[in-house]
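Below is one structure, written out as structure tokens; the observations come after it.
A, B, ... follow the sequence lines: proteins, then strands. Residue 1 opens every chain.
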Amino acid sequence: MEPDFYKIAKKWQKEWEKEDIFKTREDKTHKKFYCLEMFPYPSGYLHMGHVRNYTIGDAYARYKRMKGFNVLYPMGYDSFGLPAENAAIKNSVNPKEWTEKNIEGIKKQEKEMGFSYDWSREIATHKEEYYRWNQWFFLQFWKKGLAYQKEGFVNWCPSCRTVLANEQVVNGKCWRCGSDVEKKNLKQWYLKITDYAERLLKDLDSLDDWPEPVKIMQKNWIGKSEGTKIKFRIKGIDKEIETFTTRADTIYGITYLVIAPEHPLTTELIQDSDKEEEARRFINECMNESYESRIAENKKKRGFFTGSYAIHPLTQEEIPIFIANYVLFEYGTGIVMGVPAHDQRDFMFAKEYNLPIRLVIKPVSSEINEEDMSEAYLGSGILVNSGPFNGLKNEEAIPKIQDYLEKEGLGKRATTYKLRDWLISRQRYWGTPIPMIYCKKCGVVPEKEENLPVVLPEDVEFGSGNPLATSKTFVHTKCPYCGGDAIRETDTMDTFFDSSWYFLRYISPKNREAPFEKKEADYWFPVDQYIGGIEHAVLHLLYSRFFTKVLYDMGLVSSEEPFKRLLTQGMVVKDGAKMSKSLGNVVDPQEFNVKYGPDTLRFFILFAASPENELDWKNRETEGNYKFLVRLYSRILETKKILKNQKAGKEINLYDKYMLSIINRAISELDELFNGFRFNLAITKIMKLGEELFNYLKRNDIKEDVIDEYVVALLKLISPITPHIAEELWHQLGHDSFISLENWPESDSKKIDATAEFLIELNEKISEDIMTIRKLVKIPAKRIKLILAEDWKYELYNFIKKGAKEKDIKSFVMNSEFKRYGKEALFIAEEFMKNPQKISEPIFNKDEELESYTLSIDYIKKDLKLDLDIILKKNSTDETEKVKQRKANPGKPAIIFE
RNA sequence: GUGGGGGUCGCCAAGCCUGGUCAAAGGCGCAGGACUUAAGAUCCUGUCCCUUAGUGGGUUCGUGGGUUCAAAUCCCACCCCCCACACCA
């Protein structure tokens, strides 16, 4: 009869909820541990990716709880966002209804998995009591000058009908819907994340427990580069322009300048050109060019001569200014000096437009000729054609040229970042209204804090344009300062704003006076362990860091970083592809649970791969895991019966000691594995412990004390992974408490660390249980077989001598300790049957056989004919001693006892 | 192109940092056996190759070198795969 793990799970979930055992303890005398998973966007049901994420987190939270920590482990919902709005339009329901229905569904699933969240701290970002604090934060940012409005070219997703932040444009496409992103000139709200670029970069170094790839991605995204800004006068216009370069050493190689099409200065530059019209057309083309076509043309450089010339600051030469599609307006100054000889892009451009190529760096060992160049020379060398700087090594020339430019006021050292300010306006409904007001008299003013929240109205029409603008109750308002007619900002906030501080709201989720209580935050913040997907490496994880730094500067929190330790879990794939509905390879957690129970799902998910790695879903393997759990469950339930049916003495034998040693060793080993998130290895160990238990239970001399100690520890060790089964067995064995609240078992080092002791004992009592040698000494099974062969042959011989029948012999062989040698045992047995006398003679005619019962280590060495060094590591940890022994016996394998 | 991660005995996956108990954990698969009228389930055993009753020998950790008494593990070169960013001056 198979146990119903689903039912068992339900039962305990109910009990836990009834007793409210996962409510966060407020006892501040304990060390705290804040364990957090990236909260889900409630767009439907939980998929395997979520389940994996939360299973990892839950197992960890449970483990930490057992280790005596005060654990904060909350759950909430990132419930504002476009899908809700789109679904609402599609099904003509209210986004709120749609969202809340989904939240209920997801919550139910989370509960069915047995996740040990403190549900009293649940949050949802679409609720007034949450988003009012978004608005409050926005106003604080505004006060500090960190929120501002700017007109400029922005990324616009035509399908989502809203603008996007740079971080949300992936390969020129919208991160959400995949449409090609267009450029639009709009006035939008920004947060000044660039002010924090340096700190965001520098503090990455302090994040020791973050995965390296994430840090590198952030570093690249921030993209710091140090270089020089160089000023150029423009011929005929009383204006200076600036370029940015990291290669000031190539300044004498400039043969043209290029300016980004979006650059406002282009208008002035083309003004007097006879090709003004054509230039304008070119600019428009560039700006409408899709990412696709730019890639398709293989990064072909296209440009247009403006008709204007700049004056080289050092040589006073006149150099043409081009508009070109390869210059990024947002980076540096939006104007680049063209040095075809030493930059591949410039080289291609110069070839295309027949611009001169001037070599200014000569390689030390080879010759290059300007006319023969087929690509730019990017290496180092000696400066030539560079006026007073000729002869310098190019690396050394950079600071010299910088000094000179600075002295002459022609340029200066500068640092630029790839990071841009964070565009947070969205022209959509389902989000936090930006609390700003346009007053005819006072201009752009913030809503007063006491008037918050600016409530998201419900009288809106969905369709084209921004729905908020259609609300009669929302748009028209009075200026909070002069009382005159005014209109509200109708843009809402990027939902990444919501998720940039939600981890703080869990700390005091009900507080109505502040987003969170400082006193509480001082205790709980930062998050000790954060778990989520790597896809947020430069989105959520960067924004949250930025937010935290701002709050730190405001004195609201005392940590500059939100997440101390980060784990990015791998994807769940099946049949070589990410689980997706279109591929039809989705495994529904719900269905799985009903069939095998949530513990099987948890067990498999943690077992099948290490958390960071991709998890390859295999139905077969889940079944294997299920079988193991069923076996474990049934065997432990049976132990009482087994104990009753046999009367073994109280005396602890070597096998008992062995059992106690492995369980005690496992306690400390698993502690380490759990702490390092190596659940897959932990489970391997647990399975072995299970197998050992099964084997032990088959003996006829098992001891109740040993079983008790073993099973209690085993259940505790497995409880973070399969909490329901552990809980059920725990109670079946007669405990009244919750195993979920038990402490991590204590490991008795005396019981583990007895290898040496065992060895002495081995010398004396090796006959008692020869099997144990293999396990203790860890000599491969094959080698120990030799001893065994003699041993069991002798027993078998006696057995047959007593007149046993064939069937008895077979069952003796298969059920004796030597059944692991089933095949050969049978073979020998059959031979015996045929002719006992004949076989017995050569085997048992010597006394040697019996000597094997009094083996010593020397005997093992000698009679096993093992040419081995047996080194007791304990007594000779001295390096030199070890080395000496090795040198003395070159090429000889060694066995080392830990 | 730049940056990151990988290639382990049918598949998945440990081990590599800290070189010797490594022919290399564990799971799955497969094979044989026990149990069964039978199938399934369960249990036992085996699963690189050759050989044996036990033993023994040979060849393995992407490829090729190197260091070492000793390399899956350390060093160098090369090949292949994945992922992220991508005209950042």
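Comparing the same atom, C1', in B:C35 and in B:G57 gives a spacing of 38 Å after rounding to whole Å. A gap of 11 Å separates the C1' atoms of B:G58 and B:U51, to the nearest Å. When the P atom is compared between B:C69 and B:C81, the two are found 38 Å apart, to the nearest whole Å. A gap of 27 Å separates the C1' atoms of B:A13 and B:G3, to the nearest Å. The separation of B:G4 from B:C49, taken at their P atoms, amounts to 40 Å, rounded to a whole angstrom. Separating the C1' atom of B:G40 from that of B:G5 is a span of 43 Å, rounded to the nearest Å. Rounded to whole Å, the C1' atom of B:C83 lies 27 Å from the corresponding atom of B:G27.
For the pair A:E612 CD and B:C82 C1', the computed distance is 17 Å after rounding to whole Å. Rounded to an integer number of Å, the gap from A:L681 CG to B:G27 C1' is 12 Å. Between A:I721 atom CD1 and B:G26 atom P there is a gap of 18 Å when expressed in whole angstrom units. For the pair A:K574 NZ and B:C12 C1', the interatomic distance rounds to 14 Å; values are reported in whole Å. Atom CD1 in A:I216 sits roughly 10 Å away from atom P in B:G3 (whole-Å rounding). One interatomic measurement links the two molecules: CG of A:N220 to P of B:C87, which rounds to 13 Å at whole-angstrom precision. In this structure, the NZ atom of A:K351 is 24 Å from the P atom of B:C87, given to the nearest Å. Summarising the geometry, the separation between CG on A:D346 and C1' on B:C87 is reported as 10 Å, rounded to the nearest angstrom.
Considering only the side chain of A:R420, B:C88 comes nearest among B:G27, B:C88, B:G15. Comparing B:C87, B:A89, B:G26 against the side chain of A:T684 picks out B:G26 as the nearest. Of the candidates B:C87, B:C28, B:G26, B:C28 carries the atom nearest the A:E621 side chain, counting heavy atoms from C-beta on. Comparing atom distances between the A:T246 side chain and each of B:A14, B:A89, B:A25 picks out B:A89 as nearest. Listed nucleotides B:C12, B:A14, B:G29 differ in distance to A:D616; the shortest reach to its side chain belongs to B:C12. Side-chain atoms of A:R620 lie closest to B:G29 of the nucleotides B:A89, B:A13, B:G29. Closest contact between the side chain of A:D343 and the listed nucleotides B:A89, B:A14, B:C87 involves B:A89. With distances taken from any side-chain atom of A:N325 to the nucleotides B:A89, B:U42, B:C87, the minimum falls on B:C87. Of the candidate nucleotides B:A41, B:A25, B:A13, B:A41 has the atom nearest to the side chain of A:K627. Listed nucleotides B:A89, B:G29, B:G26 differ in distance to A:F607; the shortest reach to its side chain belongs to B:G26.
Within the 4.0 angstrom heavy-atom criterion, only backbone atoms of the sugar-phosphate kind lie near A:G624; the bases stay farther away. Contacts of A:T416 with the nucleic acid, taken as non-hydrogen atoms under 4.0 Å apart, are absent. Looking at heavy-atom distances under 4.0 Å, A:V258 makes no contact with the nucleic acid at all. Within 4.0 Å of A:R345, counting heavy atoms only, lies at least one base atom of the nucleic acid. At a threshold of 4.0 angstrom between heavy atoms, the contacts of A:K685 with the nucleic acid are absent.
In this structure, A:F232 and A:H312 have perpendicular ring planes: the angle between them is above 60°, well past the 30° mark.
B:G3 and B:C83 make up a base pair, with Watson-Crick or G-U wobble contacts both under 3.5 Å. When both distances must be under 3.5 Å, the Watson-Crick or G-U wobble mate of B:C78 is B:G62. With a cut-off of 3.5 Å on both pairing distances, B:U68 has no Watson-Crick or G-U wobble partner at all. When both distances must be under 3.5 Å, the Watson-Crick or G-U wobble mate of B:A39 does not exist. B:C11: Watson-Crick or G-U partner is B:G27, with both key distances under 3.5 Å.
The base of B:C11 has none of its N or O atoms less than 3.5 Å from a complementary donor or acceptor on the side chain of A:K618.
Proximity of A:L632 to A:F694: side-chain heavy atoms (C-beta onward) are separated by under 4.5 Å at one or more points.
In terms of position on RNA chain B, the residue among A:G223 and A:M217 whose nearest nucleotide sits closer to the 5' end is A:M217.
Salt-bridge annotation for A:R302 and A:E285: present, with a side-chain N of the basic residue lying under 4.0 Å from a carboxylate O of the acidic one. A salt bridge links A:K224 to A:E198: at least one charged side-chain nitrogen sits closer than 4.0 Å to a carboxylate oxygen. For A:R665 and A:E692, the salt-bridge test fails: no basic side-chain N is under 4.0 Å from an acidic carboxylate O.
Here A:Y331 reaches the OP1 or OP2 of B:A89: one of its side-chain N or O atoms lies under 4.0 Å away. The side chain of A:R678 places an N or O atom within less than 4.0 Å of a non-bridging phosphate oxygen (OP1 or OP2) of B:G15.
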side-chain hydrogen bond (donor to acceptor under 3.5 Å, both in side chains) assessment of A:Y417 paired with A:T194: CA-CA 8 Å; A:Y417 299 89; A:T194 51; over 6 Å; no
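Relative to the six-membered ring of A:F349, A:K301 misses at least one condition, a distance below 6.0 Å or an angle of at most 45° to the axis.
Among the candidates A:L405, A:T228, A:V339, A:T245, the single residue satisfying the side chain to side chain contact (heavy atoms under 4.5 Å, CB included) test with A:I251 is A:L405.
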